[in-house]
Amino acid sequence: MVEQATDEIVHHVASLPKQPLHATGGMKALARSLREPLPETGAEYTQLLHTLFSKLIPRSFNTASPGYLAYIPGGGLLHSAVADLISLAVNRYVSVWVAAPGLAQLEQNVVRWCCEIVGYVGAPTPGGLLVSGGSMANLLAIVTARASICGEEFSRAVIYTSDQAHHSVLKAARFAGFRADQVRVIGTDEHFRIDVRALEGAITADASAKREPMMIVASAGTTNTGAVDDLQAVTALAKKKRLWVHVDAAYGGFFALTERGRGVLRGLERADTITLDPHKGLFLPYGTGCLVVRDADRLRRAHAMQAAYLPPMQEDAELVDFCDLGPELSRDFRGLRVWLPIKMHGAQAFREALDEKLDLASAARDEIAAMPNMQIVAEPALSLFAFRLGPGCGKDGAALDAHNRKLLQIINGRQRAFVTGTTTPVGFVIRVCVLSFRTHADRMEMLLEDVRYACKRLRVS
Ligand SMILES: *Cc1c(COP(=O)(O)O)cnc(C)c1O
């Protein structure tokens, strides 16, 4: 089984650069054609593999392509797939330390490396937990802040974030038991960063109205336009007002491996908790997020619980029972899929790859800015920027938005680069996020060619 699957995988991965970026049409019919009742008898493995690789995988967004510049890419290192094969095949239980101490230590190493990357080296007891993604990490952060600051009574507590924060922050607040009126959405400046003066004003107003300001959720690389909040100002304000600071760095956090990234992310190391997404900035396949915590004991105190049928949990702070740090008891061995590629390549390889993404984004930004009537709406703070055809093209308002939507459609129609759009206060914009380890200068050149082509087509029509 493994050999046959490997043959298919090798063929698939080798042909990735040539595969289209997205399939078009007939998707509902495809989904319908797959419906079936519970199969009573088995089917042939070869046939099942064929269905997967020939019929279903090609009919999707090609998220592993070097041309995938949509949403937040990552690419999906194959090393992690091999690691998962091993983890799942041996099926060890890594959630409690005594059940697999060596493997638990590997996972704990990964968490500690994440702490090192964000600059928690000076903190006395840093730690964290690998989760399924950034959304879960944001949820755990809010629960941890709530437990640490408020305990059980949090009906007057207030969470502050910006209008550019990822929607998972609002979702997390809801799941953590906060009412919508307990979340203050603060406006942003012309660079889409949280307005720190407005933030301070809101905190002061809430405090004088006898509400209880609890935490600030800042962004280090928004999904919308890649904006990085002024983390030094936010953490300084939080310290002054005694609030918890969580930084959602799901997209931007791993740029702290690079010198330029550290500059942009200055202040990150002062946060109480930080969300990272190895399935973005470490190029892993989907399913791995990480919450790092300046004082890991806060995480444990917010989540730990005893049960008679469980083995005793570790008292020694060095030995971690992952089930004590989050909501999950049984879970996959997430550590190995991060550990294997880092051990095989070293941090250096990741640093260089991330540096390359910064260069690619900045070069593409310059080329696009030089095209007629083009407007850079969001500069690349890291590797994500947004542009549009500006009012110089003779249109405005809804007509201008429609024009840019058409531009996006033509670019994506070429099937060599896949970009997505979003709305900002100026209107609809096209965003480019460079984060796949497979994306290099040749592919960015194709994007630029396709943008030029699309502009020409629009002028003619
Ligand atoms: C991707 C992202 C999230 C959500 O993470 P998932 O891994 O998709 O759950 C949250 N915040 C930001 C800034 C992101 O980029």
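When a ligand or atom number is given, it counts from 1 through the structure's own listing order.
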Return yes or no for this condition: an N or O of S132 is under 3.5 Å from an N or O of ligand 1.
no
Please write down residue, atom name and distance for the protein heavy atom closest to atom 11 (N) of ligand 1.
D248 OD2, 2.6 Å
Please report whether ligand 1 has a polar contact with N138, defined as an N or O pair separated by less than 3.5 Å (distance criterion only).
no
Near T223 (heavy-atom distance under 4.0 Å), the atoms of ligand 1 are 12 (C), 13 (C), 14 (C), 15 (O)
With under 30° as parallel and over 60° as perpendicular, where do the rings of Y251 and F255 fit, or are they tilted in between?
perpendicular
Atom indices of ligand 1, in the order listed, that fall short of 4.0 Å to a heavy atom of D277
1 (C), 5 (O), 6 (P), 7 (O)
Here the atoms of ligand 1 under 4.0 Å from any heavy atom belonging to Y251 are 15 (O)
Under a 4.0 angstrom heavy-atom cut-off, which atoms of ligand 1 come close to G221?
13 (C)
Side chain to side chain donor-acceptor pair (under 3.5 Å) between T273 and H246, intermediate numbers included:
CA-CA 5 Å; T273 40; H246 173 63; 3.0 Å; yes
Can you confirm, on distance only, whether ligand 1 has an N/O atom lying under 3.5 Å from any N/O atom belonging to G134?
yes
Listing request: all side chain to side chain donor-acceptor pair (under 3.5 Å) pairs with a residue in residues 57-76, at least two apart in sequence or in separate chains.
none
Hey, are H191 and D189 close enough side-chain-wise for a donor-acceptor pair under 3.5 Å?
no
Sequence neighbours left out, what pairs pass side chain to side chain donor-acceptor pair (under 3.5 Å) with at least one residue falling in residues 429-438?
T420-R431
Answer with yes or no whether S219 contacts ligand 1, where contact means a heavy atom under 4.0 Å from a ligand atom.
no
Honestly, for H279 the part within reach of ligand 1 (heavy atoms, under 4.0 Å) is side chain
Quick check on contacts: which atoms of ligand 1 are under 4.0 angstrom from a heavy atom of G133?
7 (O), 9 (O)
Which segment of S135 sits under 4.0 Å of ligand 1 when only heavy atoms are counted
both
Considering the heavy atoms of S168, write down every atom of ligand 1 situated less than 4.0 Å from one of them.
10 (C)
Should the ring pair F283 and F350 be called parallel, tilted or perpendicular, given that the plane angle runs from 0 to 90° and is split at 30 and 60?
parallel
R334 vs V94 side-chain heavy atoms within contact, under 4.5 Å:
no
Is it true that atom CZ of R266 has more than 12 heavy atoms of other residues, nucleotides or ligands lying nearer than 6.0 Å?
no
Based purely on interatomic distance, does K280 place a nitrogen or oxygen under 3.5 Å from a nitrogen or oxygen of ligand 1?
yes
Are the side chain of E107 and the backbone of L336 linked by a donor-acceptor contact shorter than 3.5 Å?
no
